[in-house]
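The structure appears right after this line, and notes come after that.
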Amino acid sequence: MKDMVKKAGMTEYFHIESAATSSEEIWNGVGNPVYPPAREELARHGIRCDGKRARKLVREDYDRYDYLIGMEDTNIRYMKQILGDDPEGKVTKLLSFAGSERGIADPWYTGDFRSTYKDVVLGCEALLKQIAERHRL
């Protein structure tokens, strides 16, 4: 999403972060860097993630962000547990912006980082289009 927003010349309108719903990738308060196969898939598309480290979603994120995007149903359920109620309807599955309610398969389990990348791009393009139209960017 950051790459798309940058290429669209809209970085001044966005603050984009990623957060996990578990602490599996966080040890002694320090998050792991991006998983090597994920980093390699991003690099194939010219996207860098140097310095990115895992962090856990926190309740305060609900007030900080306009959109809280999950990849699949379990992810959404955990997000809502962490964030509490969702009175503003901010918690959404990524592919719903592309007209699909299916989840994005976790490449940690499938090993298919290419398909996951394609799905994430599909969802992010639709999300960016919706935000740009809604806010006339």
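Computed over heavy atoms, backbone and side chain alike; hydrogens, waters and symmetry mates excluded. Positions are given from 1, in the same order as the sequence printed here.
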If Ile, Leu, Val, Met, Phe, Trp and Tyr residues are connected whenever their side-chain heavy atoms lie under 4.5 Å apart, and connections chain through other members, are L57 and I26 in the same group?
no

With a 4.5 Å cut-off on side-chain heavy atoms, are Y78 and N75 touching?
no

Would you call E72 and R102 a salt bridge, using N to O less than 4.0 angstrom?
no

Distance-only donor-acceptor pairs under 3.5 Å for side chains of residues 122-137, two or more places apart:
unit_1: R134; atom_1: NH1; unit_2: Y67; atom_2: OH; d: 2.9

Return the CE to CD1 distance between M71 and I104, rounded to the nearest 0.5 Å.
5.0 Å

With a 4.5 Å cut-off on side-chain heavy atoms, are K52 and R39 touching?
no

May I ask you to decide whether K6 forms a salt bridge with D3, counting only side-chain N to carboxylate O separations under 4.0 Å?
no

Same hydrophobic cluster for V58 and I16, using side-chain heavy-atom links shorter than 4.5 Å among ILVMFWY?
no

Identify whether the distance between the nearest side-chain nitrogen and carboxylate oxygen of K80 and D85 falls below 4.0 Å.
no

Measure the OG1-CZ distance between T74 and R77 for me, rounded to the nearest 0.5 Å.
4.5 Å

In terms of hydrophobic clustering (I, L, V, M, F, W, Y; side-chain heavy atoms under 4.5 Å; direct or indirect links), are F14 and I69 co-clustered?
yes

Are the side chains of I47 and K2 in contact, using a 4.5 Å heavy-atom criterion?
no

Assess the residue pair E17 and R55 against the criterion (salt bridge (charged side-chain N to carboxylate O under 4.0 Å, His left out)); give the C-alpha distance rounded to whole Å, side-chain angles, the decisive distance to 0.1 Å, and a yes or no.
CA-CA 10 Å; E17 288 197 24; R55 80 163 182 92; 3.1 Å; yes

How about T21 and K56: do any of their side-chain heavy atoms sit closer than 4.5 Å?
no

Is it true that Y109 and Y35 fall in one hydrophobic cluster, defined by side-chain heavy atoms closer than 4.5 Å?
yes

Do Y117 and L95 sit in the same hydrophobic cluster, where Ile, Leu, Val, Met, Phe, Trp and Tyr count as joined when their side-chain heavy atoms come under 4.5 Å apart?
yes

So that I can tick it off, tell me whether R114 and D119 are bridged by a salt bridge, with the cut-off set at under 4.0 angstrom between side-chain N and carboxylate O.
no

Can you find a pair of side-chain heavy atoms, one from L42 and one from F113, that are under 4.5 Å apart?
no

Do the numbers put K90 on top of the ring of Y62, so that NZ or CZ is under 6.0 Å from the six-membered ring centre and no more than 45° off the axis?
yes

Within this structure, what is the OG-CE distance for the pair S18 and M1, rounded to the nearest 0.5 Å?
13.0 Å

Other than V34, what residues sit in its cluster of Ile, Leu, Val, Met, Phe, Trp and Tyr side chains whose heavy atoms are under 4.5 Å apart, directly or through others?
none

